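I have placed the structure first, in the form of structure tokens, so that the comments after it can refer back to it.
None of the values given here were measured: they were computed from a predicted structure. Atom set for the values below is all heavy atoms of this structure, side chains included, hydrogens, waters and symmetry mates excluded.
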Amino acid sequence: MSIDTANEKRWYVIHTYSGYENKVKANLERKVHSMGMESEIFEIVVPLEDEIEKKNGKEKVVSHKVFPGYVLVEMIVSDRSWYVVRNTPGVTGFVGSGTKPIPLTDAEVKKILGTGNDAAAAPVHIDVEVGENVHINSGAFENFAATVTEIDYNKSKVKVIVDMFGRETTVEVGFDQIEKI
């Protein structure tokens, strides 16, 4: 088999067994080093995205794989480099048609790798669901018990019903203003 390539450095996507992305990355990095392939296989990336999860009133940054089952490899495709990647334990193949891997476009690479892992811009998730009872711990309704009616992850707000003077009132509060009872 001969792979027709222009000998240029491009990003490719390899498919792995689910849950083996980090093992594939480590195995491939070792293989590249031991076989002296640093001039053909440059970078191996498991794209991660940070999310802020809120549990019991505490925020924690958690990394999640953006593309479970896939690893990105920056390489020059040749018969030898293709063989090294393809025969790494945990790799099921390249994304592409048949035996010819298809490189990512520059726009795709910028979108996947250029976003960075900025925790401040990460979506926030909280440990409450619609219908659950919560305690409001700050703001105008501090120390009120409430029931969650709606969760808006984009605005990091929750609509809750509070009992004020015997009447149910809908109030919008921030994720940081509530804790699960």
Side-chain angles (χ1 to χ4, degrees), residues 1-130 151-157 175-176 180:
M1 179 203 71
S2 182
I3 295 176
D4 180 35
T5 179
N7 274 352
E8 61 181 285
K9 181 166 69 168
R10 302 288 304 266
W11 282 95
Y12 296 87
V13 181
I14 54 175
H15 189 261
T16 68
Y17 293 121
S18 185
Y20 281 71
E21 300 87 356
N22 292 328
K23 288 178 187 171
V24 165
K25 179 181 190 289
N27 287 339
L28 188 51
E29 285 172 343
R30 270 194 301 279
K31 216 172 182 182
V32 166
H33 181 70
S34 69
M35 296 183 75
M37 298 288 295
E38 292 91 347
S39 62
E40 291 182 61
I41 301 173
F42 307 98
E43 198 172 345
I44 300 135
V45 176
V46 177
L48 299 173
E49 174 181 71
D50 287 342
E51 285 186 345
I52 299 171
E53 288 186 357
K54 186 172 181 179
K55 202 170 194 173
N56 299 328
K58 293 188 166 93
E59 289 184 358
K60 181 171 110 174
V61 177
V62 178
S63 291
H64 296 282
K65 292 179 183 96
V66 179
F67 305 110
Y70 295 93
V71 175
L72 303 181
V73 180
E74 185 183 31
M75 61 187 281
I76 297 170
V77 175
S78 66
D79 288 341
R80 186 168 179 237
S81 66
W82 179 91
Y83 183 84
V84 167
V85 173
R86 182 66 187 86
N87 289 292
T88 298
V91 173
T92 59
F94 278 91
V95 172
S97 58
T99 57
K100 184 164 174 44
I102 298 174
L104 292 171
T105 64
D106 291 339
E108 290 168 329
V109 172
K110 282 180 186 162
K111 186 175 179 184
I112 295 167
L113 300 177
T115 56
N117 289 338
D118 185 5
V124 176
H125 291 280
I126 56 171
D127 187 31
V128 296
E129 296 177 15
V130 172
I151 301 172
D152 186 341
Y153 289 104
N154 294 329
K155 294 180 183 176
S156 296
K157 299 275 186 184
F175 283 0
D176 60 338
K180 198 174 183 175

Begin from the C-alpha positions of Y70 and V46 and carry the test side-chain contact (heavy atoms from CB on, under 4.5 Å) through to its verdict.
CA-CA 7 Å; Y70 295 93; V46 177; over 6 Å; no

CA sep, side-chain torsions, deciding dist, call: T92, Y17, side-chain contact (heavy atoms from CB on, under 4.5 Å)
CA-CA 7 Å; T92 59; Y17 293 121; 3.6 Å; yes

Test V85 against I14 for side-chain contact (heavy atoms from CB on, under 4.5 Å), laying out the working first.
CA-CA 8 Å; V85 173; I14 54 175; 3.6 Å; yes

For E49 and S63, run side chain to side chain donor-acceptor pair (under 3.5 Å): C-alpha distance rounded to whole Å, both residues' side-chain angles, the deciding distance at 0.1 Å, then the answer.
CA-CA 5 Å; E49 174 181 71; S63 291; over 6 Å; no

CA sep, side-chain torsions, deciding dist, call: V77, R10, side-chain contact (heavy atoms from CB on, under 4.5 Å)
CA-CA 8 Å; V77 175; R10 302 288 304 266; over 6 Å; no

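Taking E21 as the reference, K65 meet the salt bridge (Lys or Arg N to Asp or Glu O under 4.0 Å) condition, with sequence neighbours excluded. For K9, the side chain to side chain contact (heavy atoms under 4.5 Å, CB included) partners are F42, E74, I76, not counting sequence neighbours. Taking the salt bridge (Lys or Arg N to Asp or Glu O under 4.0 Å) definition, one finds that E29 meets it with K25, sequence neighbours left out.
Residue-environment remark: NE2 (H33) stays at or below the threshold of 12 foreign heavy atoms within 6.0 Å.
Between the NZ atom in K157 and the CD1 atom in I151 there is a gap of 14.5 Å [rounded to 0.5 Å]. Here the straight-line distance linking atom CD1 of I41 with atom OG1 of T88 works out to 7.5 Å at 0.5 Å rounding. To the nearest 0.5 Å, atoms NZ (K111) and CG (L104) are separated by 12.0 Å. To the nearest 0.5 Å, the span separating CD1 on I44 from OH on Y12 amounts to 14.5 Å. The distance from atom CE of M37 to atom CG of L28, rounded to the nearest 0.5 Å, is 9.5 Å.
Inter-residue side-chain proximity for P103 and W11 is flagged as unmet; no heavy-atom pair is nearer than 4.5 Å. Counting only heavy atoms from C-beta outward, the side chains of I102 and V95 never approach each other to under 4.5 Å. When side chains are defined from C-beta on, M35 counts as touching R80, because their heavy atoms get closer than 4.5 Å.
The nearest pair of heavy atoms linking I126 to Y153 is N-CE2, 4.1 Å. In this structure, V84 and K31 approach most closely via the heavy-atom pair O-NZ, 3.4 Å. Considering every non-hydrogen atom in both E40 and S78, the closest pair reads OE1-OG, 2.6 Å. Closest approach of L72 to P47, counting heavy atoms only: CD1-CG, 3.7 Å.
In this structure, F94 has its ring center at least 6.0 angstrom away from the ring center of H15.
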